[in-house]
Engineer: 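What follows is a single structure, and I will ask about it in a moment.
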Amino acid sequence: MSEQRIVRPKPISGFPEWLPETRSVEQRWLDHIRAGFERYGFASVETPSVENLDVLLAKGETSQEVYTLHRLQADRGDDTDSRLGLRFDLTVPIARYVAQHFNELVFPFKRYQIQRVWRGERPQEGRYREFTQCDIDVINVDHVPLHFDAELPRIAHEVLSGLDIPAWTISINNRKVLQGCYEGLGIDDPLAVIRAVDKLHKIGESGVSEILTEEIGLAEEQAKVCLELARIRGADSSIVDEVRRLGVHSDLLSQGLDELAFVLDSLSDLPSGSVVADLSIARGLDYYTGTVYEAGFDDDPGYGSICAGGRYEDLAGQFIRRNLPGVGISIGLTRIFAKLVAEGRIEGGRSCPTEVMVAVPAAERREESLRTAATLRERGFNTEVFHQASRIGKQIQYASRKGIPFVWFPPFEDGGPHEVKDMATGEQGQADPTTWSRPV
RNA sequence: GUGGGUGUAGCUCAGUCGGCAGAGCACUUGGUUGUGGUCCAAGAAGUCGGGGGUUCAAGUCCCCUCACUCACCCCA
């Protein structure tokens, strides 16, 4: 060891990283998700990690969460990069992207985007400062057909169903129902009520009730109806009748109920209980205007949403003088995956993709090993050659620890046979690199 | 940003009343010729988060600071 001081390696809070065997599982997940999105004809898009701050902040409010960029050695007064920030979601960048490439895109534009985003928050369980979102959105000019509101949760359902994760439920609501109901009740600030009701799962009915009456200033009767609405939950469009029974009337409410019923009916073929209407979910973000989605783990509702999204009107209005509404949903890959990692439920991952490790019997026989490996690679096997002519026990131990399933022994002397060892069974026998195949 | 908890070997953690820095796991080497996991033996590994203070003496007591962590806020 040198005398030089080392920088102690420490984890950076909120920036998860995995060992190879865990990462290999994550890669399988990513492949699975991508394939699911492509099965519905969505095209892949990537956008830069950074955006101009005025793009990121076009919707305001989240400014404190945005990481900004500057060069460590920037000259005093050089603010070239100071207007750049790391994106905190994939919706804002895609809005900018669509506006920018408006003339070159075919609408309705259906894209998926699987990339990292950054948020300057206090990290804790399930909350990270760098994480991967898997987004799919449909963006169109002037109008997005309602059946996309049903297709997106269907895709999310299909993708999530293919992952080995704890039981979850996708909840669906429609902001027009909430807003229309609140307006029908004569409430001045529906958005404030939506934010309060959104906390229902966390602080309970009494907590929400307190906010509604004391902070927002609703009458007891108004607050009571708001809570009754939020209590409604069901797997099919019969919940519409329950809402109507509250006796509140407004055009917006009727429209919202029609939309919600349509979406639920469209999804009625999915396994019962996997997608439900839940009139308490609202999504805090202001830009959702119609359908909203939120999925969570059934046995850990406090963990936070693992998949969320909704419909927004005119998302790109800040960037282009065209009306571009959209509907999207995002799977919180990191949040889901990290929970399983923390619980030790990610197993079976390989620490390397190697299928065959070719041993080196002696330094002067290395050429033979290299030739053997080349033959195996040409035949489609992921193959590596051991890095030195150590004793055979060492070489096998290396393969064992890395989870490599087969160790190949080229001839120990000229004219001798090739042998291959199955690490799982310990069996070893003669083999020919030009014809060998993995036993099933 | 606000409040609580925790910082000792790569990891998980002991460390009594202030008196020589410890364990398990992991790691390296060995247990003789060409074969892994188990077992046995030996070895290496620590600015005790950092700085200051009290003391003959501080991992231990006091102050400051940083990091991590939990909750709030907010969200995937």
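Chain identifiers are assigned alphabetically (A, B, ...) following the order of the sequence lines, protein sequences preceding nucleic acid strands; residue numbering begins at 1 within each chain.
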Engineer: Using whole Å, report how far CD of A:E413 lies from P of B:rU33.
Structural biologist: 17 Å
Engineer: Considering the options A:I187, A:L252, A:N174, which one meets the side chain to side chain contact (heavy atoms under 4.5 Å, CB included) requirement together with A:Q179?
Structural biologist: A:L252
Engineer: Any idea which of B:rC27, B:rC74, B:rU35 is nearest the A:R401 side chain?
Structural biologist: B:rC27
Engineer: Between A:L19 (CG) and B:rG10 (C1'), how many Å, whole number?
Structural biologist: 12 Å
Engineer: Nearest to the side chain of A:K421 - B:rC70, B:rG34, B:rG36?
Structural biologist: B:rG36
Engineer: Kindly point out which of B:rC68, B:rG34, B:rC74 is positioned nearest to the side chain of A:E419?
Structural biologist: B:rG34
Engineer: What contact category does A:G426 fall into here, base, sugar-phosphate, or nothing, at under 4.0 angstrom with non-hydrogen atoms?
Structural biologist: base
Engineer: For nucleotides B:rG24 and B:rG4, find the distance between their P atoms and express it as a whole number of Å.
Structural biologist: 38 Å
Engineer: Hey, does A:L376 have a side-chain heavy atom less than 4.5 Å from the side chain of A:V358?
Structural biologist: yes
Engineer: Please report, rounded to the nearest Å, how far the C1' atom of B:rC74 is from the CG atom of A:L200.
Structural biologist: 17 Å
Engineer: Would you mind reporting whether A:M357 and A:K402 have side-chain heavy atoms less than 4.5 Å apart?
Structural biologist: no
Engineer: Among B:rG34, B:rG1, B:rG36, which nucleotide sits nearest the side chain of A:F412?
Structural biologist: B:rG34
Engineer: Measuring only the C1' atom in each nucleotide, how far is B:rG18 from B:rC61? A whole number of Å is fine.
Structural biologist: 8 Å
Engineer: Look at all strands and tell whether A:G304 reaches a base, only sugar-phosphate, or nothing, counting heavy atoms closer than 4.0 Å.
Structural biologist: nothing
Engineer: What nucleotide among B:rU35, B:rU28, B:rG36 has an atom nearest to a side-chain atom of A:I392?
Structural biologist: B:rU35
Engineer: With heavy atoms under 4.0 Å as the rule, sort A:F409 into base, sugar-phosphate or nothing.
Structural biologist: base
Engineer: May I have the distance from A:Y67 (atom OH) to B:rG1 (atom P), rounded to whole angstrom?
Structural biologist: 11 Å
Engineer: Quick one: which of B:rC68, B:rG36, B:rU69 gets closest to the side chain of A:R129?
Structural biologist: B:rC68
Engineer: Are a donor atom and an acceptor atom from the side chains of A:T354 and A:N382 found within less than 3.5 Å of each other?
Structural biologist: no
Engineer: Rounded to whole angstrom, note down the P distance from B:rG31 over to B:rG50.
Structural biologist: 40 Å
Engineer: Taking atom C1' of B:rG36 as reference, at what distance in whole Å does atom CD of A:E427 sit?
Structural biologist: 15 Å
Engineer: Quick check on B:rU35: is either OP1 or OP2 less than 4.0 Å from any side-chain nitrogen or oxygen of A:Q428?
Structural biologist: no
Engineer: Between B:rU29 and A:R391, is there an OP1 or OP2 to side-chain N/O distance shorter than 4.0 Å?
Structural biologist: no
Engineer: Whole angstroms only, please: what is the CZ-C1' distance between A:R122 and B:rG4?
Structural biologist: 13 Å
Engineer: Given B:rC68, B:rC74, B:rG36, which nucleotide is nearest the side-chain atoms of A:E121?
Structural biologist: B:rC74
Engineer: Reckon A:C307 touches a base, only the sugar-phosphate, or nothing at all at heavy-atom distances under 4.0 Å?
Structural biologist: sugar-phosphate
Engineer: Between A:W29 and A:F337, what is the ring plane arrangement, given parallel below 30°, perpendicular above 60°, and tilted in between?
Structural biologist: perpendicular
Engineer: If pairs are Watson-Crick or G-U with both distances under 3.5 Å, what is the dot-bracket string of RNA chain B, marking crossing pairs with [ ] and pairs to another strand with |?
Structural biologist: (((((((..((((.....[..)))).(((((.......))))).....(((((..]....))))))))))))....
Engineer: Measuring only the P atom in each nucleotide, how far is B:rG30 from B:rG49? A whole number of Å is fine.
Structural biologist: 36 Å
Engineer: If each of A:G14 and A:Q133 is mapped to the nucleotide of RNA chain B with the nearest heavy atom, which maps nearer the 5' terminus, i.e. the 5' end?
Structural biologist: A:G14
Engineer: With rounding to whole Å, what would you report as the distance between B:rC13 and B:rG7 at their P atoms?
Structural biologist: 9 Å
Engineer: Under the ring-ring contact (aromatic ring centres under 6.0 Å, His included) rule, collect the residues that match up with A:F406, sequence neighbours excluded.
Structural biologist: A:W436
Engineer: Please answer whether the main-chain N or O of A:R129 pairs with a side-chain N or O of A:Y67 as donor and acceptor at a distance below 3.5 Å.
Structural biologist: no
Engineer: Go nucleotide by nucleotide along RNA chain B from the 5' end; which of A:T425 and A:G309 gets its closest nucleotide reached first?
Structural biologist: A:T425
Engineer: If we take the C1' atom in both B:rU38 and B:rU33, what is their distance in whole Å?
Structural biologist: 23 Å
Engineer: What integer number of Å spans the P atoms of B:rA23 and B:rG43?
Structural biologist: 11 Å
Engineer: Under 4.0 Å, heavy atoms only, any strand: does A:S305 hit a base, just the sugar-phosphate, or nothing?
Structural biologist: sugar-phosphate
Engineer: Within this structure, what is the CD1-to-P distance between A:I396 and B:rG34, rounded to whole angstrom?
Structural biologist: 12 Å
Engineer: For B:rU16 versus B:rU60, give the span between their P atoms, rounded off to a whole number of Å.
Structural biologist: 11 Å
Engineer: Determine yes or no for a side-chain-to-main-chain donor-acceptor pair under 3.5 angstrom, with A:Q115 supplying the side chain and A:L90 the backbone.
Structural biologist: no
Engineer: With no hydrogens and no angle check, do the side chains of A:Y288 and A:N173 hold a donor and an acceptor under 3.5 Å apart?
Structural biologist: no
Engineer: Between A:K394 and B:rU29, is there a contact of a side-chain N or O with OP1 or OP2 at under 4.0 Å?
Structural biologist: yes
Engineer: Round to a whole Å and report the spacing from CE of A:M423 to C1' of B:rU35.
Structural biologist: 9 Å
Engineer: Under a 3.5 Å threshold, yes or no: a donor from one side chain and an acceptor from the other, between A:Q113 and A:R111?
Structural biologist: yes
